[in-house]
Number of protein chains: 2
Amino acid sequence: MQFTKAEEYGMLGVLYLSEKKLGSITPLSEIAEAKGIPEKFLAKIFQSLSRATIVRSHRGVRGGFSLAKDPKEISVKEVLESIHGPYHLIKCTNNTEICDKSNFCSLRELLSIAERKLVQIFEDHTLADLVKWQKNKMIAI
Amino acid sequence: MQFTKAEEYGMLGVLYLSEKKLGSITPLSEIAEAKGIPEKFLAKIFQSLSRATIVRSHRGVRGGFSLAKDPKEISVKEVLESIHGPYHLIKCTNNTEICDKSNFCSLRELLSIAERKLVQIFEDHTLADLVKWQKNKMIAI
DNA sequence: GCTGCTATGCAGTTTACAAAAGCAGAAGAA
DNA sequence: TTCTTCTGCTTTTGTAAACTGCATAGCAGC
Ligand code: SF4
Ligand code: SF4
């Protein structure tokens, strides 16, 4: 049960955009270099984010990506789910047909609780929140 | 970010034991068949549980495994951590040396919070709790 | 002390998926 | 027209999960 690189990279990418002036356009190459992410891999991730209208793509010279909305309006959950689909700690929390015992299974019940808590945390925090944390930390040091 | 089969099987195994009379010995073959788990795989998992003194092994005829303590005394966290080691959503929540930016990273901060919540849930529930849920469900149906 | 049963320990194999790279092509700006 | 950047595939690589096999050790009952 681990965060994937795709999720980490996606988050770092949108956080990078969040720190810039709202609406400003940044090419992938810049993000990839700044954060040390393989550019092609990041491209794939940003395609998902683009389809989910979290970022907006701009082709051509001086093109790149910009945030599609204010960081205040983008929850971490949105970002993560557009990369890897809905969050599930175990398949059966979603689809009871996977396992015939799912109606009697207390493990499933526990994992459902844990899953809800986890998603809640991701839902309750926006990109703007994270950027703010970051700034506070920088000042503290 | 998914629960592994090893974790699921381990939990199902100890839950199976928890439902039996305390101290009674059950061979792996029985558990594996009852829960539909590959026996050799389960054997490996139970070796970890045995080393963590969650279960006790008994060799020879009529041997098998028994719980080493009362289900009330065994938290889900204990079981999971003896199978896969300490829980971490991302490597850097544990070891700050992995990433040079870890001191400024707000993603790391968020994941630390999420991780603590998750572990808390696993820590707060014992095997006895889960067995109780199970029984209540059976009655309800 | 022999026989059959069950766990132990380690070394595999296979499978699945994450991670990354590659490339032809479309869209856009200058 | 040309250069740039994203787009939509396909393919490769790497790694860890999931599972298997076998030779060995310990125990019980006869
Ligand atoms: S046994 Fe329980 S946890 Fe496993 S798949 Fe079935 S319902 Fe889910
Ligand atoms: S960038 Fe942040 S989340 Fe990623 S490894 Fe470094 S500290 Fe952890």
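Chain letters run A, B, ... following the sequence lines, proteins first, then strands; residues in each count from 1. Being a predicted model, the structure only gives us computed values, none of them experimental.
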A:I83 atom CD1 is separated from C:dA18 atom P, nearest whole Å, by 13 Å
Choosing from D:dC19, C:dA19, C:dA7, which nucleotide comes nearest the side chain of B:P27? C:dA7
Return the value, rounded to whole Å, for the distance between atom CG of A:L49 and atom P of D:dC6. 13 Å
Would you say C:dA19 has OP1 or OP2 under 4.0 Å from some side-chain N or O of A:Y9? no
Taking the nucleotide of DNA chain C with the nearest heavy atom to each, does A:G60 or A:P38 sit closer to the 5' end? A:P38
With the side chain of A:V61 defined as its heavy atoms from C-beta on, choose the nearest nucleotide among D:dC19, C:dA19, C:dA29. C:dA29
Does A:F122 reach the side chain of A:V79, with side-chain heavy atoms less than 4.5 Å apart? no
Atom pair distance, as rounded to whole Å: CZ in A:F41 and P in D:dT13: 17 Å
When rounded to whole Å, the CD1 to P distance for the pair B:I31 and C:dT6 reads 12 Å
Over how many whole Å does the gap from A:I37 atom CD1 to C:dA20 atom P extend? 10 Å
Between C:dA7 atom P and B:R56 atom CZ, what is the distance in whole Å? 15 Å
Gap between atom CG of B:L12 and atom NZ of B:K5 - 0.5 Å precision: 9.5 Å
Validation: residues 55-78 of chain B side-chain donor-acceptor distances under 3.5 Å, sequence neighbours left out:
residue, atom, partner, partner atom, Å
B:H58, NE2, B:S66, OG, 2.9
B:K69, NZ, B:E78, OE1, 2.8
B:D70, OD1, B:K72, N, 2.8
B:S75, OG, B:E78, N, 3.2
B:E78, OE2, B:S75, N, 3.1

Under 3.5 Å, sequence neighbours excluded: what are the donor-acceptor pairs made by side chains of residues 123-131 of chain B?
residue, atom, partner, partner atom, Å
B:D124, OD1, B:Q120, NE2, 3.2
B:H125, ND1, B:I121, O, 2.8
B:T126, OG1, B:A128, N, 3.3
B:T126, OG1, B:D129, N, 3.2
B:T126, OG1, B:D129, OD2, 3.4
B:D129, OD2, B:T126, N, 3.0

Whole-Å distance separating the CZ atom of A:F3 from the P atom of D:dA16: 19 Å
Rounded to the nearest 0.5 angstrom, the CG-CZ distance for A:L80 and A:F3 is 4.5 Å
To the nearest 0.5 Å, what is the distance between OG on B:S106 and NZ on A:K135? 11.0 Å
Whichever of A:E39 and B:E39 has the more 5' nearest nucleotide on DNA chain C, that residue is B:E39
Just the atom pairs and distances: protein N or O near nucleotides 8-12 of chain C's N or O, under 3.5 Å.
residue, atom, partner, partner atom, Å
C:dT8, OP1, B:S57, OG, 2.8
C:dG9, O6, B:K40, NZ, 2.5

Whole angstroms only, please: what is the CD1-P distance between B:I25 and D:dC27? 12 Å
Check this for me: B:K35, atom NZ, are more than 12 non-hydrogen atoms of other residues, nucleotides or ligands nearer than 6.0 Å? yes
